[in-house]
Amino acid sequence: MRYSLIGCGRVSPEHIRAAKANGLTIVGLCDVDPLALEENLGFAMDFLGGVPFYTDYRDMLTEQNPQLVAIATPSGLHAWLARECMKYDAHVIIEKPIAMNLKDAQKITSDAEAYGLIACCCFQNRFNPAVRALKSAVDAGRFGKIHSASMQLRWHRGEDYYRQAAWRGTREHDGGAMMNQGIHGIDLLNWMLGEPKKVTALTARLAHDIEMEDVGMAAVQYENGALAQIQCETLRYPGAEEEVLELNGEHGAVRLGGIAGHLVETWRFDDAPPNEEAEMKQMYAKEPETVYGHGHTLLYQDALEAIAQGRPPLAGTTEGARALRIILGAYESAATGKAVRL
């Protein structure tokens with residue numbers, strides 16, 4: 001399958017590695033900044049050296065006719081570019097968030113249906129092995145009724161991170177800690193708990209010269225009655241970073257932790273066989289090389305299978321919009337001081 005990438009920034013190496021691992025034919029790379037290719041994809045020049053580079057996505061789509069396009073630009077451009085690519089009959093993998101508002105998210109869904117194309121949201125953490133094990137336990141009913149859950153993303157981002165590009169931390173093109181960093185964990189809460197019903201939140205900008213929040217906290221009520229707490233921040237003390245996902249039910253409790261939620265720290269169930277917790281901790285005890293993990297390759301595999309089988313991807317636009325609803329609801333709640341129904 002002919003593949004192109006729009007956006008050669010910080011996350012672009014994960015997309016190129018995933019494309020190569022899945023046997024895609026890379027036919028074009030695009031970024032408005034020609035220096036981005038060397039800065040971020042220099043490691044891959046042995047197999048990207050002959051791939052044409054463009055600064056105008058329209059030229060690339062017209063000349064290369066890719067069948068699948070990944071969009072890894074500033075977030076504020078995701079929805080517009082996804083819709084543009086679909087006009088050229090290309091399936092799309094869209095970095096999170098798929099849009100900055102729900103209206104644009106719905107337009108992506110409508111366009112994909114109208115064109116008969118697959119639109120995939122890049123929630124690669126769904127393919128984290130420890131997360132998949134947790135999801136299997138949920139689906140098997142091992143928790144019984146889930147009472148509560150929590151997601152804490154506590155990372156450090158220095159001022160230099162936000163100065164890397166003018167769009168970082170802005171309302172129009174990025175959002176804050178919840179929209180940029182925390183959205184992956186919020187998606188995982190939704191995957192485990194279902195439809196969110198109501199959110200109450202507080203946000204603050206405490207340590208960075210940005211437009212949006214560097215810390216946000218929210219309480220979410222789900223349709224099934226479960227309550228979840230969310231904490232997202234980019235002002236964690238360096239070296240103390242962590243990402244935690246916890247579920248607690250009438251018959252079990254699980255906590256995933258580490259720098260990006262790849263480690264099993266607690267695994268306890270009423271129906272647990274002998275030594276299960278120790279075995280799970282040993283099986284899921286290795287941190288990935290980066291916070292991205294290795295999920296992009298499996299996400300690409302799922303997207304390609306979805307295209308071949310004519311089915312929705314595991315992380316589609318519906319899932320992208322559901323996470324977006326919580327974050328936008330949290331922003332509204334923080335601004336008004338009121339709970340927001342979702």
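For the single chain, residues carry numbers from 1 onward in sequence order.
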Contact check, side chains of Val340 and Leu328, non-hydrogen atoms, under 4.5 Å:
no
Between atom CE of Met212 and atom OH of Tyr162, what is the distance when rounded to the nearest 0.5 Å?
11.0 Å
Could you state the interatomic distance from CG (Asn128) to CD (Glu243), rounded to the nearest 0.5 Å?
9.0 Å
Hydrogens and angles aside, do Tyr3 and Tyr300 bring a side-chain donor and acceptor to less than 3.5 Å of each other?
yes
Could you tell me whether the side chain of Thr62 and the main chain of Asp59 form a donor-acceptor pair under 3.5 Å?
no
Leu202, CG atom: more than 12 neighbouring heavy atoms under 6.0 Å
no
Which distance, rounded to the nearest 0.5 Å, do you find between the SG of Cys85 and the CG of Leu117?
10.5 Å
Is Ile146 reachable from Met151 through a run of hydrophobic residues whose side-chain heavy atoms are each under 4.5 Å from the next?
yes
Heavy atoms of other groups near Lys20 NZ, more than 12 under 6.0 Å:
no
Residue of the set Leu189, Leu153, Ile327 for which side-chain contact (heavy atoms from CB on, under 4.5 Å) holds with Ile230
Leu189
Taking atom types as modelled, find out whether Thr336 and Glu332 have a side-chain donor-acceptor pair closer than 3.5 angstrom.
no
To check you understand the geometry: which heavy-atom pair defines the closest contact between Gly293 and Pro288, and what is its length?
CA-CB, 3.7 Å
Using a strict cut-off of less than 4.0 Å between a Lys/Arg side-chain nitrogen and an Asp/Glu carboxylate oxygen, indicate whether Arg58 and Glu84 qualify as a salt bridge.
no
Do any N or O atoms from the side chain of Glu246 and from the backbone of Ser150 form a donor-acceptor pair under 3.5 angstrom?
no
Is it possible for you to check whether Arg10 lies under 6.0 Å from the centre of the six-membered ring of Tyr161, through NZ or CZ, and within 45° of that ring's axis?
no
How about Ile326 and Leu342: do any of their side-chain heavy atoms sit closer than 4.5 Å?
yes
Is Lys145 salt-bridged to Glu250, going by a charged N under 4.0 Å from an acidic O?
no
Under a 3.5 Å distance rule, please check whether Asp89 uses its side chain to pair with a backbone N or O of Gln67 as donor and acceptor.
no
Can you see which heavy atom on Gly182 is nearest to which on Cys232, and at what distance?
CA-SG, 3.7 Å
Do the non-hydrogen side-chain atoms of Asp187 and Asn125 ever get within less than 4.5 Å of each other?
no
Do Trp191 and Ile94 belong to the same hydrophobic cluster, where Ile, Leu, Val, Met, Phe, Trp and Tyr are linked whenever their side-chain heavy atoms lie under 4.5 Å apart, directly or via other members?
no
I need the minimum non-hydrogen distance between Glu279 and Pro274, along with the two atoms involved.
OE2-O, 4.3 Å
Grab the two heavy atoms, one from Val32 and one from Pro34, that are nearest each other, plus how far apart they are.
O-CD, 3.4 Å
Say whether Phe53 and Phe43 are linked into one hydrophobic cluster, either directly or through other cluster members, by side-chain heavy-atom distances under 4.5 angstrom.
yes
Give the C-alpha distance, both sets of side-chain angles, the deciding distance and a yes or no for salt bridge (Lys or Arg N to Asp or Glu O under 4.0 Å) between Glu265 and Arg255.
CA-CA 5 Å; Glu265 297 181 348; Arg255 174 186 168 101; 2.6 Å; yes
How far does CG of Leu61 sit from CE of Met86, to the nearest 0.5 angstrom?
12.0 Å
Heavy-atom neighbours of Glu38 CD exceed 12 at 6.0 Å:
no
Would you say the side-chain atoms of His184 pair up with the backbone N or O of Phe123, donor to acceptor, closer than 3.5 Å?
no
Closer than 3.5 angstrom, by distance alone: can the side chain of Ser148 be matched with the main-chain N or O of Ala228 as a donor-acceptor pair?
no
Could you pull out the closest heavy-atom pair between Gly7 and Ser12, with the gap in Å?
O-CB, 3.6 Å
Hey, quick one: are Val215 and Tyr331 part of the same hydrophobic cluster, counting side-chain heavy atoms closer than 4.5 Å, chains of contacts allowed?
no
Look at atom CD of Glu276 and say whether more than 12 heavy atoms of other residues, nucleotides or ligands are closer to it than 6.0 Å.
yes
Does the side chain of Glu95 come within less than 4.5 Å of Ile71's, by heavy atoms?
no
As an exercise, state the distance from CD1 of Ile6 to CG of Asp56, rounded to the nearest 0.5 Å.
9.5 Å
Can you tell if the side chain of Met179 reaches within under 4.5 Å of the side chain of Leu324, non-hydrogen atoms only?
yes
Using a 3.5 Å distance criterion without hydrogens, assess whether the side chain of Arg171 forms a donor-acceptor pair with backbone atoms of Glu211.
no
Sidechain-backbone polar pair: Asp302 side chain, Leu314 backbone, donor-acceptor under 3.5 Å:
yes
Measuring from atom CG of Leu304 to atom CG of Asn22, what distance do you get when rounded to the nearest 0.5 angstrom?
5.5 Å
Any chance CZ of Phe47 has more than 12 other-residue heavy atoms, nucleotides or ligands included, within less than 6.0 Å?
yes
Main-chain N/O of Leu299 paired to Gln301 side chain as donor or acceptor, under 3.5 Å:
no
With no hydrogens and no angle check, do the side chains of Glu289 and His294 hold a donor and an acceptor under 3.5 Å apart?
yes
Would you indicate whether the side-chain heavy atoms of Pro74 and Asp174 approach each other to under 4.5 Å?
no
Do Ile26 and Ile16 have side chains that approach each other closer than 4.5 Å (heavy atoms only, starting at C-beta)?
yes
So Phe269 and Phe143, would you call those rings parallel, tilted or perpendicular, with 30° and 60° as cut-offs?
perpendicular
Do the side chain of Arg126 and the main chain of Ala315 share a donor and acceptor less than 3.5 angstrom apart?
no
Checking side chain to side chain contact (heavy atoms under 4.5 Å, CB included) for the pair Lys135/Met192: CA distance, chi angles, key distance, verdict?
CA-CA 6 Å; Lys135 176 61 172 171; Met192 305 298 167; 3.9 Å; yes
Test side chain to side chain contact (heavy atoms under 4.5 Å, CB included) on His296 and His15 and set out the steps.
CA-CA 7 Å; His296 282 84; His15 287 274; 4.0 Å; yes
Quick one: do Trp155 and Arg236 satisfy side chain to side chain contact (heavy atoms under 4.5 Å, CB included)? Show the steps, please.
CA-CA 5 Å; Trp155 284 356; Arg236 188 71 162 176; 5.6 Å; no
Applying side chain to side chain contact (heavy atoms under 4.5 Å, CB included), run through Lys96 and Asn180 and close with a yes or a no.
CA-CA 8 Å; Lys96 51 71 187 170; Asn180 187 311; 3.2 Å; yes
Can you tell if the side chain of Pro52 reaches within under 4.5 Å of the side chain of Leu29, non-hydrogen atoms only?
no
Spell out, as yes or no, whether a donor-acceptor pair under 3.5 Å connects the side chain of His156 to the backbone of Glu241.
no
Under a 4.5 Å side-chain heavy-atom rule over Ile, Leu, Val, Met, Phe, Trp and Tyr, are Met100 and Ile93 clustered together?
yes
Glu305/Arg311 salt bridge by N-O under 4.0 Å criterion:
yes
Identify the two heavy atoms, one from Ala99 and one from Ala79, that lie closest to each other, and give their separation to 0.1 Å.
CB-CB, 3.8 Å
Any donor-acceptor pair under 3.5 Å linking the side-chain atoms of Gln231 with those of Glu233?
yes
Is there a donor-acceptor contact under 3.5 Å linking the side chains of Tyr54 and Ser4?
no
Which residue in the set Asp104, Val92, Thr73 passes side-chain contact (heavy atoms from CB on, under 4.5 Å) when paired with His78?
Thr73
